[in-house]
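Take a look at the structure below.
Just so we're clear, the structure is a prediction, and the values are computed from it rather than from any experiment. Remember, it's 1-based here, ligands and their atoms both numbered in the order they're listed.
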Amino acid sequence: MIGSGAREHALLLALRRDPDVDALAIAPGNAGTAAIADQYDVDITDGDAVAGLARRIGADLVVIGPEVPLVLGVADAVRAAGIACFGPTKQAARIEGSKSFAKDVMAAAGVRTATSEVIDNPAHLDAALDRFGPPRQRAWVVKDDGLAAGKGVVVTTDRDAARAHAAGLLDAGHPVLLESFLDGPEVSLFSVVDGETVVPLLPAQDFKRVGDGDTGPNTGGMGAYAPLPWLPERIVDQIVDEIVKPVAAELVRRGCPFSGLLYAGLAITSDGPAVVEFNCRFGDPETQSVLALLDTPLGGLLYAAATGRLAEHPPLRWRDGAAVTVVLAAENYPGKPRVGDVITGAEGEGILHAGTKRRDDGAIVSSGGRVLSVVGTGPDLAAARDAAYRRISAIRLPGSHFRRDIALAAAEGRISV
Ligand code: GLY
């Protein structure tokens with residue numbers, strides 16, 4: 001396993017439940033993953049280093065969690081070393097790494113998405129801001145064209161804020177993507193993809209803003225839940241048939257077939273589902289909720305995709321009920337987080353580590369913005385929320401914060417399409 005977040009902790013726990021998995025290793029990992037996998041320190045953006053480690057420890061399968069190594073071609077290096085790898089090639093990872101490539105693929109595949117424009121010249125910015133945003137649309141959507149860990153996006157009704165974000169990106173030499181605003185509840189649908197074979201997982205929803213009621217700046221994700229009781233099954237089928245399969249086929253047609261996890265971030269608009277973005281890997285924190293409900297052994301599923309045999313894999317089985325994940329974040333996150341604080345009560349079922357490390361004296365301390373993901377399960381969303389919030393209330397981390405409204409609107413039946 002490559003990565004160090006709660007997503008990777010969740011993947012390891014699901015792999016550990018697979019009777020065909022007999023050993024787990026992770027690089028670089030965190031204080032929580034150290035308890036269930038051998039931990040190695042390599043530069044995960046260096047394909048030769050990752051492939052060398054995999055060869056040295058005799059790995060049968062390498063699973064790459066984060067987008068940065070994928071976009072840099074680490075999966076290509078692992079495959080070139082003759083080792084099965086779950087994660088797309090550098091060429092296919094452009095579906096996340098370049099928003100303009102993704103738009104091009106979607107246009108060719110006939111997939112509904114926001115209209116957009118890439119700006120790379122500050123002199124064109126004001127005219128472009130006039131073409132997007134209010135009064136024509138509810139808000140401006142300003143994105144970094146490249147990777148930005150979820151924090152490159154500003155959605156705002158304040159033109160000055162939209163302009164300041166765009167100008168800052170352009171000053172830093174990053175092209176800016178202006179998009180039309182997509183109205184409607186958001187859905188994250190993950191699919192295991194191997195060429196044109198698409199196996200969807202349970203739909204989930206994440207919470208990107210830092211504050212309750214979707215207030216404050218964007219983050220990497222403050223919580224998630226699955227499944228979505230308000231989303232009709234036919235819409236999941238529609239997303240697969242009208243969006244995921246055509247995009248997978250288009251990537252095959254372009255000579256860069258996708259193998260790995262294709263994450264469709266969608267808005268369910270009044271015209272139907274529309275793509276907000278694609279990611280080339282499991283989402284964080286949705287994975288923590290989705291995998292808590294997966295009954296099918298995960299190792300066999302990922303290995304089938306990595307070896308071109310996904311079409312032969314039996315249908316997935318899911319546990320009944322719901323799962324809710326609440327992220328515990330460090331003081332000041334999503335700004336520069338305070339780190340080095342001692343965390344207590346962070347052991348036990350449903351507590352997944354992200355920005356944690358073990359100090360020489362044995363204490364677990366915070367080392368990043370998103371520190372823990374706390375997962376609760378139950379027969380329905382209300383019960384899963386109770387379980388997650390009960391667990392998180394027993395954890396102590398000075399200055400930390402979390403959202404209190406994860407899955408609340410859905411549990412109260414306040415979301416509809
Ligand atoms: N849940 C947002 C992301 O993984 O990018």
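Heavy atoms of Gly220 approach ligand 1 to within less than 4.0 angstrom. Remark: distances from the non-hydrogen atoms of Tyr263 to ligand 1 include one below 4.0 Å. Using a 4.0 Å cutoff on heavy atoms, Gly283 counts as a contact of ligand 1.
Cation-pi geometry between Arg138 and Phe181 is not met at under 6.0 angstrom from the ring centre and within 45 degrees of the axis.
Using a 4.0 Å cut-off between charged side-chain N and carboxylate O, Asp214 and Lys208 make no salt bridge. The existence of a salt bridge linking Asp104 and Lys99 is excluded, since no basic side-chain nitrogen approaches an acidic carboxylate oxygen closer than 4.0 Å.
The heavy-atom pair separating Phe86 from Ala306 by the smallest distance is N-CB, 4.0 Å.
Ranked by closest heavy atom to atom 4 (O) of ligand 1, the top entry among Arg7, Arg281, Glu286 is Arg281.
Remark: the backbone N or O of Asp158 is paired with a side-chain donor or acceptor of Thr156 at under 3.5 angstrom.
In terms of polar-atom proximity, Lys208 is not counted as a contact of ligand 1, lacking any N or O under 3.5 Å from an N or O of the ligand. Considering both main-chain and side-chain atoms, Asp284 comes within under 3.5 Å of ligand 1 through a nitrogen or oxygen pair.
Contacts between Glu67 and ligand 1, counted as non-hydrogen atom pairs separated by less than 4.0 Å, are absent for every part of the residue.
The 12-atom threshold is not exceeded at CD of Glu349, counting heavy atoms of other residues, nucleotides or ligands nearer than 6.0 Å.
Listed by atom number, the atoms of ligand 1 under 4.0 Å from Asp206 heavy atoms are 1 (N), 2 (C). For ligand 1, the atoms sitting less than 4.0 Å from at least one non-hydrogen atom of Asn279 are 5 (O), numbered in the order shown with element in parentheses.
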